[in-house]
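Below is one structure, written out as structure tokens, with a few remarks after it.
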Protein chains: 2
Amino acid sequence: MTSIDDVAASLGVSTATVSRALRGLPGVAEETRARVNSTAKELGYVPSSSASGLASGRTMAMGVLVPVIDRWFFSAVLEGIDRRLRAAGYDLVLFSLGGDGVNRDRVFHRSILRRRIDALLVMSMHLTPEERKAVQQLEYPNLVIGGAVEGVRHVGIDDAQAARDAVEHLIGLGHTRIAHMRGGGSFDIDFEVPRLREQAFRDAMTDHGLTVREDWTAFGDFRFVTSRASALAMLADPRDRPTAVFCSSDEMAFGVLTAAAELGIDVPRDLSVIGIDDHEFAEPMGLTTIRQDPAGQGAYAADLLLGELMRNEPADDPPSRPHALVVRKSTGPAPS
Amino acid sequence: MTSIDDVAASLGVSTATVSRALRGLPGVAEETRARVNSTAKELGYVPSSSASGLASGRTMAMGVLVPVIDRWFFSAVLEGIDRRLRAAGYDLVLFSLGGDGVNRDRVFHRSILRRRIDALLVMSMHLTPEERKAVQQLEYPNLVIGGAVEGVRHVGIDDAQAARDAVEHLIGLGHTRIAHMRGGGSFDIDFEVPRLREQAFRDAMTDHGLTVREDWTAFGDFRFVTSRASALAMLADPRDRPTAVFCSSDEMAFGVLTAAAELGIDVPRDLSVIGIDDHEFAEPMGLTTIRQDPAGQGAYAADLLLGELMRNEPADDPPSRPHALVVRKSTGPAPS
DNA sequence: ATGAAAGCGCTAACAT
DNA sequence: ATGTTAGCGCTTTCAT
């Protein structure tokens, strides 16, 4: 492996000059810089991140902690984070607590704290009290995306308002018999988001003088399968059925849509369905939903941390990220 | 930040002893080891990966290169890789070439070659000739998952056989008017997989004396949206319609299913649909498919590389990973 | 079983 | 504009 010394020796300059030239620092003659660059390339020189990390104290890597990788929301956020990091020359170290709780603390202690990263992004997950404390005490910039974690800065949409917008869209269409498909606690996903959305549903109903029927509050666990099963039961009785379902996520809305089709219920004539997310499948499925932009949130969060890393001073508390109602074909006026 | 020296000083032993004790190396008295461990914990000592990486030459991190993150297959494979790495105490550095071709070579040169990682996993993507060459010349263990790349070891299912199994399932049900929804070249996903599957479709048809109608070979780009649109066109004419569609992926099969529902075509009475993947939504949607296990493939690949890293000698060429036909409700006998 | 000391390959003052 | 020289915090011989 050719090192910086090889490049320096081959040119008859000092390693310091090579280092400066390669990193684009001032104080190097343009001609020297050019020669350094070309010799470095010739020799196939690639700087060692361990060495520069050790010497400079910056690893040029950012950590991202997720509860699971293969869920639409998380991978979409990751995508957004990745773009920004790449543009900034940062690498992305991915930590997943993945499903089973095995090795959780090892991940936390060995990896996350191991100075492999300059900053940490935590994605909406349920942290144990010790874990939360560990994050709060981190000596490098950090941020939570998605559900809020007490004592840590947070980037995300206004979940309560988003849910309320969805419910009020249904109410505005004349619906009064409205059910709720709520998210859940699997995957170590945080509990804050589903709770906020459910509460907003209840508040909106109450504010409009409508009653919430507990047997119309089903558990979908943020998943297609679970939601379909719950919906099948909830919609079974043709004589006593909700006319609309507010789902805390699009994937659950797909489950309701599928169940409705299986039961021969016409959407939106007999049943309106609305979700939250604007999942990739929402548009082709004609699903009305509250759009949020996970990739945008990831990019925003990454930028914020990157900014702190550059300027070396904490940024302001980030405002809520935007959401928007997207009306498609799955919602319509309440049947008379 | 407490360093290894602090721990050593506080105990009155040498840094070498601390290093040995903490890493579980032999040649340390049990009593000493215990004292070291407890003092290290007390002092909140966390080893620096840069320092140990520099000194030992091993970063304890593995790189994973993906064309995009937020596609079901890729994130599922990632999930599998992550589990194994975590268990082995390795960190996962994620490189994405993400959509637009921006910064591609920077990722390749700056990051991947920067000795931040001990091994590299490349996920099924289209590499430029130079990139392919760079991978082939990598000085650390590497492997491709998904579509094969010439000159690089490869882990994946037997795509030709998987596709053939799907087509022969349809033929076995008496279908002769079979269409194909093929994958595509977006996302920088590699071209080998869609090509292999299409070729297998053609071969199977020919072998059974059936003809392939070019107007029944639609482009779905491995995506729901695109596939739905293509299917809408392909299935529009009730008097001249295929009775079955073989889709190169489940997401495309969902598109066909949706299109069929919109057109009022009964599945499976009037139309059979089969996919490849066994996507999370396949079971609740009742989709017949060829199951492959992306997480398993990821785990398998990670294990292989991890093994080489431990034993320091190349492993055998990996055999094809298994696939299996899963019959559900979307396929049935050909209409008479 | 433990210690001393020489690096690993860079960066960052401080000189010149 | 360039060079010199300490480290950065570990691992790893080689001694003892």
**Study point:** Close side-chain approach of B/L65 and B/L121, heavy atoms under 4.5 Å
**Key:**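 No, their side chains stay 4.5 Å or more apart.
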As a test of reading the structure: which of [options] is closest to the side chain of [X], going by heavy atoms?
X: A/A55; options: D/dC10, D/dT11, D/dC8; value: D/dC8
X: B/Y45; options: D/dT11, C/dT2, D/dC10; value: D/dC10
X: A/A29; options: C/dT11, C/dA12, D/dT2; value: D/dT2
X: B/S3; options: D/dT11, D/dC10, D/dT2; value: D/dC10

Check your understanding: Hey, does the side chain of B/R153 reach the backbone of B/N142 with a donor-acceptor pair shorter than 3.5 angstrom?
Key ->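 Checking the backbone N and O of B/N142 against the side chain of B/R153, a donor-acceptor pair under 3.5 Å is found.
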Check your understanding: Hey, are A/T39 and A/R35 close enough side-chain-wise for a donor-acceptor pair under 3.5 Å?
Key ->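 Their side chains do not contain a donor-acceptor pair, so the 3.5 Å distance test is not met.
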Exercise for review: Starting from the 5' end of DNA chain C, give me the residue, A/L25 or B/T15, whose nearest nucleotide shows up first.
Suggested key: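 Residue closer to the 5' terminus by nearest nucleotide: B/T15.
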Exercise for review: Let me know, please, whether B/R20 or B/A51 comes out on the 5' side of the other along DNA chain C by nearest nucleotide.
Suggested key: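 Nearer the 5' end of the strand: B/R20.
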Just how far, in rounded Å, is [atom2] of [N] from [atom1] of [X]?
X: B/L54; N: D/dG7; atom1: CG; atom2: P; answer: 17 Å
X: A/L22; N: C/dA12; atom1: CG; atom2: P; answer: 14 Å
X: B/E30; N: C/dA1; atom1: CD; atom2: P; answer: 10 Å
X: A/D5; N: D/dT5; atom1: CG; atom2: C1'; answer: 13 Å
X: A/M60; N: C/dG9; atom1: CE; atom2: P; answer: 21 Å
X: A/R115; N: D/dC8; atom1: CZ; atom2: C1'; answer: 11 Å
X: A/L11; N: D/dG3; atom1: CG; atom2: C1'; answer: 14 Å
X: B/I4; N: C/dA5; atom1: CD1; atom2: P; answer: 17 Å

[X] vs [N]: side-chain N/O to OP1/OP2 distance below 4.0 Å:
X: A/S56; N: C/dT11; value: no
X: B/S19; N: D/dT11; value: yes
X: A/T32; N: D/dT2; value: yes
X: A/S52; N: C/dC10; value: no
X: A/T17; N: D/dG3; value: yes
X: A/R23; N: C/dA12; value: yes

Practice item. Please test B/V68 against B/D70 for side chain to side chain contact (heavy atoms under 4.5 Å, CB included), starting from the C-alpha separation and ending with a verdict. Key: CA-CA 6 Å; B/V68 279; B/D70 61 348; 4.2 Å; yes
Exercise for review: Inspect the contact between A/K133 and A/E130 and indicate whether a charged nitrogen and a carboxylate oxygen are less than 4.0 angstrom apart.
Suggested key: no
